[in-house]
**Student:** 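Following this message is one structure expressed as structure tokens.
Remember, predicted model here, so these are calculated numbers, not experimental data.
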Amino acid sequence: MATHENTAAPSEPGGARTVGSDDYALSRVPRDKRLGFWTMLLQWLAQSGSISQFTLGATIGVGMSFAGAFWAFTLGAVILEVVIFAIGLAGMREGLATPLLTRWAGFGRNGSALVSLVISISLVGWFGVQNTIFGDSVASLVGGPSWLWCVVAGAAITVLVIFGFRYMAVFAKIVTPLFFAMVAWSVTDALSEHSLSELIHSPAPGQAIPLSVAATAIAGGYMTGAIVSPEMTRYNRKGSHVFLQSASSMILSEYIVGLTGVLLGHMVGNGQVSQIVLSTSGVFGVLVVLMSTAKINDWNLYGSSLGVVNFFQVVFAKRLHRGAVTIVLGIAGTVLSAVGIMTHFTDFLSVLGVAIPPVGGIIVAEYWVVRRMRAPLDATRDAGTLPATSPTWVPMSLVIWAAAFCVGKFYDGGIPALNSLLTAFVLYAVLGLAGWIRPYGTTTVEDHPGIAGTTTPAASGTAPVGAP
């Protein structure tokens, strides 16, 4: 059943409709608006189509044998898949993105605002950083100032994300086959003059990289994406689809793209292999890489917009339209990347990268193990509405979050992102089952306007926001 929030797009003063799609930013995605298996599969596979993944593979290949790199990618893929499936399945069941899900999965209403702020800053930051990297790369290949390419890429991504998930899905259908066809041709051409067997069995050409370090780079680099996977899986129809699609993406990203990068690293002796892919593809290749960059980086901007909407609704009782938020975030990230500021914030963003995984650990522990706060979600799931109330504070969750962050940041062993996630999961599960984690206060629907918690039917003849 549709909620009031999605009966029509919010209007600006004067009655003008807000541009773009709100994409159920503060409600469940209705069951009849979920997307089919193949459409969602291409969305997942599009996340594997990245020049940076080839570069990561090559960098690991410089310091590891092919067999060692295989086990590093296997370890990284297994870790990521477990996290993605555990969190993504919760998002699929509830039809909720991560910021809104956390209200009933460990953090409460006010805690979800803090989660939203951290996620939003991190994602829009990486949007700007990746936009800068793309601008510099294209400028070195085809000429022109890098700031101009930053503006082109940033504007293209922003326009795409304004119109929401369904348009992003259509774009994935176009870009994903083109990207992998272009890359397959370029890589095959580059490897054709070398013995594949010799490259596989050749020793690492550079300084040795330990397995733990390689696995850290593989799993840690995408851990934030795994935590916000509900942004995508809330559009899935079945739990089996979540597993099959995310697993397919892992196989393509780690075993095919990543290990191909390892072979290229063995071939050239360093991690600078992006030129191989781009230089043999001409103008068409540059265009495809531009589109594939947009297809990956759009999720940074999309996830950030959802977090900002939730943050403003909680903190300022202000219901912002996701499309309008996207415009502001896209312009800010694009301008900062064009003037070269974003690259100075990578250390700060890396710190946030350790702060976000504990959120996933708490979500998984609460939703699947403790289940102290999810009863309202269970009661309203079939109706397609949000619960009438949510917990206001869950103080112990914030304590666990801080403790897990410290473990990930200051403990030198293992994988930092995984260390912080597992610490949060174990602490929350143990303390929650022992009855030490309790919500304080209750917020009703009337206390946070803009969220429909009752079953208000859709107005006759109006299309829900997010519809194609």
Side-chain angles (χ1 to χ4, degrees), residues 25 47 50-53 55-56 97-99 102 112-137 146-147 149-162 168 216-217 219-232 292-312 315 320 322 324-360 401 405 408-409 416-417 420-421:
Q47 307 311 302
S50 169
I51 293 295
S52 62
Q53 187 68 3
T55 303
L56 173 62
T98 300
T102 56
S112 77
L114 183 58
V115 171
S116 298
L117 181 63
V118 172
I119 289 177
S120 297
I121 293 175
S122 178
L123 292 180
V124 79
W126 285 117
F127 166 79
V129 169
Q130 291 186 21
N131 206 48
T132 301
I133 294 173
F134 172 82
D136 293 342
S137 300
S146 62
W147 67 263
W149 292 109
C150 287
V151 171
V152 171
I157 297 170
T158 300
V159 170
L160 175 64
V161 176
I162 286 172
M168 293 162 64
T216 296
Y222 192 69
M223 187 61 74
T224 297
I227 302 305
V228 297
S229 60
E231 273 72 337
M232 185 182 299
S292 66
T293 299
K295 189 65 218 76
I296 295 172
N297 212 13
D298 60 0
W299 279 102
N300 287 326
L301 187 57
Y302 185 76
S304 182
S305 69
L306 293 173
V308 168
V309 169
N310 185 63
F311 176 80
F312 269 82
V315 176
L320 301 181
R322 194 203 60 83
V325 170
T326 299
I327 295 174
V328 175
L329 294 177
I331 292 175
T334 299
V335 170
L336 292 175
S337 67
V339 299
I341 293 179
M342 294 307 302
T343 53
H344 298 292
F345 290 95
T346 52
D347 290 341
F348 173 66
L349 294 174
S350 296
V351 171
L352 291 183
V354 180
I356 292 175
V359 173
W401 189 6
F405 167 78
K409 178 63 179 175
S420 61
L421 183 145

**Student:** Say you draw a straight line from CG of Asn310 to CG of Leu117; how long is it, rounded to the nearest 0.5 Å?
**Tutor:** 11.0 Å
**Student:** Taking all heavy atoms of Ser112 and all of Thr102, pick out the closest pair and write down the distance.
**Tutor:** CB-OG1, 3.2 Å
**Student:** Just how far is it from atom CD of Gln130 to atom CG of Leu301, taken to the nearest 0.5 Å?
**Tutor:** 11.5 Å
**Student:** What residues form a side chain to side chain contact (heavy atoms under 4.5 Å, CB included) with Ala217, not counting sequence neighbours?
**Tutor:** Leu56
**Student:** The criterion is ring pair (Phe, Tyr, Trp, His ring centres under 6.0 Å); which residues satisfy it with Tyr302, sequence neighbours excluded?
**Tutor:** Trp299
**Student:** Once you round to the nearest 0.5 Å, how far does CD1 of Ile157 lie from CZ of Phe134?
**Tutor:** 8.0 Å
**Student:** Who are the side-chain hydrogen bond (donor to acceptor under 3.5 Å, both in side chains) partners of Thr98, not counting sequence neighbours?
**Tutor:** Glu231
**Student:** For residues 324-339, pull every pair meeting side-chain hydrogen bond (donor to acceptor under 3.5 Å, both in side chains), keeping only residues two or more places apart or in separate chains.
**Tutor:** Asn131-Ser337, Arg322-Thr326
**Student:** Any idea which heavy atoms bring Gly307 and Pro99 closest together, and the distance?
**Tutor:** CA-CG, 3.8 Å
**Student:** How close do Leu306 and Ala97 get, heavy atom to heavy atom, and via which atoms?
**Tutor:** CD1-CB, 3.9 Å
**Student:** Does Val351 form a side-chain contact (heavy atoms from CB on, under 4.5 Å) with Lys409? I'd like the steps, not just the answer.
**Tutor:** CA-CA 8 Å; Val351 171; Lys409 178 63 179 175; 3.7 Å; yes
**Student:** Taking Ile331 as the fixed residue, which of Val328, Leu329, Ile327 is the one that meets the side-chain contact (heavy atoms from CB on, under 4.5 Å) rule?
**Tutor:** Ile327
**Student:** Return all side-chain donor-acceptor pairs below 3.5 angstrom for residues 119-127, not counting sequence neighbours, or 'none' if the list is empty.
**Tutor:**
residue, atom, partner, partner atom, Å
Ser120, OG, Ser116, O, 2.7
Ser120, OG, Ser304, O, 3.1
Ser120, OG, Val308, N, 3.2

**Student:** Could you check whether any side-chain N or O of Trp147 sits under 3.5 Å from a backbone N or O of Gly340, counting only pairs where one atom can act as donor and the other as acceptor?
**Tutor:** no
**Student:** Only counting residues at least two apart or in another chain, list the ones meeting ring pair (Phe, Tyr, Trp, His ring centres under 6.0 Å) with Phe405.
**Tutor:** none
**Student:** Listed by chain and number, what are the side-chain hydrogen bond (donor to acceptor under 3.5 Å, both in side chains) partners of Ser146, not counting sequence neighbours?
**Tutor:** Asp136
**Student:** On a heavy-atom basis, which atom in Ala355 and which in Pro358 lie closest, and how many Å separate them?
**Tutor:** O-CD, 3.2 Å
**Student:** Going by the rule side chain to side chain contact (heavy atoms under 4.5 Å, CB included), which residues pair with Val339 if we only count those two or more places apart in sequence or in a different chain?
**Tutor:** Ile341
